[in-house]
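Right, one structure below, let's go through it.
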Amino acid sequence: MTVAAGVGYVLIALGPALSLLASVIAKKPFLILTLLSSTLFWLISLIILAGAWRAFLPVKSTELWPYSILILTSVGFQEGIRIGFWRLFKKMEDMLNAFADRVSKPRLFLTDKMLLALAGGLGHGLAHAVFFCLSLLTPAFGPATFYVDKCPSIPFFLISAIIALGFVIIHTFSMVIAFNGYTEGKRKDQIFVPFAHLIAALITLINLVPGGCNIGLPLLCIMAGTTLYYSWQLVWRRLTEHQTTRSSD
Amino acid sequence: MARVRVFLAVLFLLFTSSPVHGADNGSDSVLESVPDLEKAMYLNLKSYPCVRLLNLSGEIGCSNPGNDKISAPIVRLKSGTIRLARPSTVLLQEEQMRDFFLRVSGDLEFSKNVAGVLVEPSETVNMSSGFSPADKFPQSAFAPYSNTSYEWNLPGSGIMWNKYDFPVFLLAEESISTLKEIVGERNEASPENVAEFDLVMQTTKLGTHDSETCLKEQTCLPLGGYSVWSSLPPINISSTVTKPIVFAVASFDSASFFRDRSLGADSPISGLIALLTAVDALSHVNHLKNLKKQLVFAVLTGEAWGYLGSRQFLQELDLGSDSIRGLSSSMIEQIVEIGSVGQSLGKGGTLFYAHAGGESSGTKVILKALEDASESLGSDNVKVKKASSMNPGIPPSSLMAFLRKNTSASGIVLGDFDSAFSNKFYHSHLDNASNIKTSSVAAAAALVARALYIIANGDATLDLMALNDIKVNVSLVEELVGCLVTCEPGLSCELVGRYISPSNADCPSHYVGVFQDTPSASQKPSYVDDTSRFLWNFLADMTSATRDGTDSCTGDCSNVGDVCIGSETEGGGKCVISTTRYVPAYSTRLKYENNIWHVLPANPSDPMESVDPVWTESYWNTIGLRVYKVESPLYDRLVLAGGVFVTFASYLAVVIARTQLAKVVKRD
């Protein structure tokens, strides 16, 4: 579909990621480091999943339930190690605070911690986008286009880019919600993230049905919007509360 | 890392659950990698191209107009289309070919939007009036008579002799279903199905537009190949033959609009097969040495492109070169040419026509022999008749070259037609095995074998028992038809496998091809095509007197005058006594010097040289055809705009969010 379309697809998939990178992450070197390490961490998680499922692929079935098992186990695994990721994060936070104490500098602010969570989530989102969309995008720069039998109205690369966009947003802001949930011990936040991930992943099963992509894609975007909204509400509440507690000191 | 990507790509396919199914033949093949995806996007169609050929005055055939690939949306040609709206790939049915190409040559308004042509072969050939892209009088300039407007080939349209500045491809049968899937789909404006042609010809790239220039610039090669002759029984090569010669000839090259689809079943392979079978039948006769005349068989190539084989053969006879050692042109008394003989079945037996050319006393001998042979075949009911005197002369045949060279020669062309070809698909890709009947070919073989025996017997008393013992092996005819004119088994048949290992064990193609050797008249040329090599080995075997204690060989034989047959096969070859030679076939106006072909001026004493077009074929790099879908340029721009919008909108959102949050967090 030519270079113009190829660039367009990259921008659709990575637009918000690039914006966040440029305006928030790039300003603080430590966030860049966090982003890179997070990308690596989640890449490895995907590799482990791929290795574990290797023997069962490709799934030669036209029914949906084998795919749901795949999704359940993979989402479950990723959410499980998210807790491990958070523990690593806590350890790093303690180390940074200890260092700050030694050099008599201020400890991490709440905003810093939230930015770190954002960088971690963005790393997760980028890992997803690179492997599930960008690696397939090379043919999109050529003259031909491609349509899948089950979705004859939307070009394959466009579907791929939109799904990647949705998941970048979901992963990025899920991490913010999750970290806050684990820190504060709030059950509601802790449960929201795995459920959102699972529901979003299951929504993509709708694409397997002929013509399903016309429903699946908008639903995924709604899911991404929900996550974004939930995260915004949470951050706003937290920061206002925090300011109130601080000013009442 | 690549393997990981594959796993992850598969994982992706499952995570996001939009399984990508390949479009090949509607089967649900799951794509497992990016190369698989590309293969599903770009469909290579198996097809046969029409290529660029050049002569002394210009070009014919097809080529991309420039140095690049051409791609254009596929449009089916509907009857009554006046104009094409924009440059398109025209999809034709076979029946539409004739009218389309005639129109393209005349109507510039129409042809300027023809970017490329795809011809879809029809499952059932529905052309009762025939189809022939050749002229109505093929190679009329070589005729030994002046009536060149006589119509030998009634369905002839001459479309293969025109120049087209766009690529033309004939789709193979196996591509039809793929094409139907592609073109039969939704007819929305976008996405469109586009065909991409790679038919860039070297002569177009370098601007050499006729044979002389392109040979000098080395952007083309002359057409040519290797003819084969053999004598039965073998001649003692140390002395020139003293017996008069009966010369039996057939040609084995055909032509067609599409270079690699020239089967030429009726014209001329049926004649070739009849000749080979006759050689086999005669090889079982015991006392051939005692006959008054010597039998010599020749199979010539390049005849469709200016009688290259026969003219070069005659020139070598004049020069007395190595390749024709043992022959002398003055000793050739009778020439019997077997033309198209595959369609002579009519009501009540087979009927052939003898077209006589040259001096009448010589032709009378041949005619009498044919009649006697027909009589001897009695119950088989094979009849022969002299061709109508209303015909201006002999039909297009190698005999024309022999007569023009030496007007005192005499010969007969045997054919299944009288005043016009009965072959409705002369020099077209449709002249295939379904166009001939094995029994007709076998009948011609029997007739010719016996007639040759009678002629070679001369005025001695005829041994009727020996004559009636000459019988044709019908299963050999069937085998040869299977090997030379069908794709199954084609050249991978057992008979061919006995002598050579074919480089193209697929559908045989009888286009003469280009002459790639240096014509140093050696008997060990390097670039001989499969058919010529098979014929050489077959004739050598048939006409051989096997030596006792046959040596196995891979090239040369220890005894002078022996040849090694079957040297390419796995078991190695064997040495036999045989007089079988290759004779190069290329235009007599060409000379190879300093690694370049030079066009010589026409020899005034040879009237054929001035009408010889000197055909050459352009070089090319690759030839390919693929089909894929494209989006409209508007779509591409929309996607780019969408991506830019998403990026900027999210940037704006981030900035706004940051400002809002900064207000909340009042830092000291």
Side-chain angles (χ1 to χ4, degrees), chain A residues 1-2 4-5 7-12 15-16 18-20 22-24 46-47 49-51 53-54 57-60 67 70-71 74 111 131-132 135-136 138-139 143-152 155-156 158-160 163 165 201 204-208 213 232 235-236 239-240 243, chain B residues 4-21 23 26 28 30 32 34 37-38 40-42 71 185-186 190-191 194 196 628-631 633 635-655 657-658 660-661 664-667:
Chain A
M1 283 172 283
T2 74
V7 170
Y9 292 126
V10 173
L11 288 179
I12 289 175
L18 288 172
S19 306
L20 277 171
S23 58
V24 176
L46 292 170
I47 291 170
L49 276 170
W53 270 95
R54 168 103 167 92
L57 298 173
V59 175
K60 288 191 191 349
Y67 296 107
L70 174 61
I71 286 177
S74 308
T111 42
F131 278 93
F132 293 168
S135 59
L136 300 180
T138 334
T145 184
F146 189 64
Y147 284 78
V148 182
D149 287 346
K150 298 267 167 74
C151 191
F156 170 69
L158 186 58
I159 302 174
S160 171
I163 293 178
L165 171 65
T204 62
L205 280 179
I206 301 175
N207 296 336
L208 275 175
C213 55
W232 171 257
V235 168
W236 186 269
L239 286 176
T240 5
Q243 271 316 96
Chain B
V4 166
R5 279 169 154 238
V6 171
F7 299 165
L8 291 169
V10 181
L11 205 60
F12 154 68
L13 296 176
L14 299 161
F15 254 154
T16 54
S17 303
S18 52
V20 186
H21 292 270
D28 279 343
V30 176
E32 293 185 20
V34 174
L37 177 61
E38 287 198 305
M41 286 168 74
Y42 297 95
S71 56
E185 273 172 10
R186 53 232 178 94
S190 156
V194 148
E196 188 190 80
Y628 49 84
K629 290 194 175 72
V630 292
E631 300 285 354
Y635 172 89
D636 292 337
R637 278 181 242 133
L638 276 174
V639 165
L640 181 61
V644 168
F645 172 76
V646 165
T647 313
F648 274 115
S650 49
Y651 187 81
L652 216 62
V654 169
V655 165
R658 220 175 43 192
Q660 294 283 68
L661 291 174
V664 175
V665 181
K666 284 167 290 200
R667 295 168 87 92

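Residue numbering restarts at 1 for every chain, and letters A, B, ... go by the order of the sequence lines. Just so you know, these numbers come straight off a predicted model, no measurement behind them.
With contacts defined as side-chain heavy-atom distances shorter than 4.5 Å, the pair A:Leu11/B:Val646 does not qualify. Residues B:Tyr635 and A:Thr2 have side chains not in contact (no heavy-atom distance under 4.5 Å, counting atoms from C-beta outward). The side-chain heavy atoms of B:Leu661 and A:Trp236, taken from C-beta on, include a pair separated by under 4.5 Å. Between B:Val34 and A:Pro139, some side-chain heavy-atom pair lies under the 4.5 Å cut-off.
Looking at B:Arg658, only its side chain comes within 4.5 Å of chain A, counting heavy atoms on both sides. For B:Ala657, the parts lying near chain A are the backbone and the side chain together; criterion is any non-hydrogen pair under 4.5 Å. Only the side chain of B:Val654 has a heavy atom closer than 4.5 Å to any heavy atom of chain A.
B:Tyr651 is linked by a ring-ring contact (aromatic ring centres under 6.0 Å, His included) to nothing, counting only residues two or more places apart in sequence or in another chain. The side chain to side chain donor-acceptor pair (under 3.5 Å) test applied to A:Ser19 returns B:Ser650, not counting sequence neighbours.
Rounding to the nearest 0.5 Å places CE of B:Met41 at 9.5 Å from CZ of A:Phe156. In this structure, A:Ile12 CD1 and B:Phe645 CZ are separated by 11.0 Å, a value rounded to the nearest 0.5 Å. Within the model, atoms CD of B:Glu38 and CZ of A:Phe146 stand 11.5 Å from one another, a figure rounded to the nearest 0.5 Å.
Per-residue heavy-atom pair counts under 4.5 Å with chain A were compared for B:Pro633, B:Gly643, B:Ala641, and the maximum is reached by B:Gly643.
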